[in-house]
Amino acid sequence: MNKQTMNRILDTLKDMFPDAHCELNHSNPFELTIAVLLSAQCTDKKVNQVTEELFKKYKTPSDYLSVPLKELEQDIKQIGLYRSKAKNIQKLCRTLLEEYGGEVPQSHDALTKLAGVGRKTANVVMSNAFGVPAIAVDTHVERVSKRLGICRWKDTVLEVENNLMKKVPREEWTETHHRLIFFGRYHCKAQNPSCEICPLSDLCREGKKRMKSAK
DNA sequence: CTCCCGATAT
DNA sequence: ATATCAGGAG
């Protein structure tokens, strides 16, 4: 992909979603970390429904450790993958208390060592909570980047991330990341993407195919 | 690679 | 009925 095409994509995304932002409700780094951990294979909307009550009941790492595992499981059950997530939350909270004075560490390396926190979650926390430029590659960013030809179809999520970091100016990483999410979530959807009204459909094999069959 | 898993959209 | 949802661990 040449530079002009990439710039066209970035300009179009900015035009379509000028105020794209993190849609996981949170009021501090700790809540954000919990919310992102919960968001794996689940919609943000559902996570927000659950965290509205969850964050009233659990304010600190100690709070999550003050109840039996089974109780926490029930409190997040609607999210799915709830057994492993509940276990990870308690293990993560134990680590925060034992290693970091109950605070969320402000380094990518330390974050990924926490239970249930991988590269994608660490990137989201670093960028949204601590203002460090990052591009977290989730299901939307991966799908959109591949459809638009920003990277190759066979690329791993790490390769997708490296591609985006190479092609997007560092100071625009975080905003671009959010725009790719919005683009994937509301426009270039996994099912029934809006190819007919997509200003970038000429860049996308899938889009071209759908345009033809629509005629 | 598989497993984890309920809610929602299609 | 099936696909998908801000993935991570083993």
Using a heavy-atom cut-off of 4.0 Å across all strands, would you classify [X] as base, sugar-phosphate, or nothing?
X: A:L24; value: base
X: A:R83; value: sugar-phosphate
X: A:V117; value: sugar-phosphate
X: A:G118; value: sugar-phosphate
X: A:Q78; value: sugar-phosphate
X: A:L114; value: sugar-phosphate
X: A:K85; value: nothing

- Query: Nucleotide range of DNA chain B contacted by chain A, 5' to 3', under 4.0 Å to a heavy atom?
  - Reply: B:dC4 to B:dT10
- Message: Can you see if the side chain of A:R119 gets near the phosphate of C:dG8 - specifically, an N or O under 4.0 Å from OP1 or OP2?
- Response: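 Checking A:R119 against C:dG8: no side-chain N or O falls below 4.0 Å of OP1 or OP2.
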- Most 5' of A:A136 and A:Q191 on DNA chain C, judged by nearest nucleotide: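 With A:A136 and A:Q191 compared, the 5'-side residue is A:Q191.
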- Is there a donor-acceptor pair closer than 3.5 Å between any side-chain N or O of A:E172 and the backbone N or O of A:V168? no
- Message: Taking B:dC4 as the reference, what is the distance to C:dA1 when you measure between their P atoms (whole Å, please)?
- Response: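 C:dA1 and B:dC4 have their P atoms separated by 23 Å.
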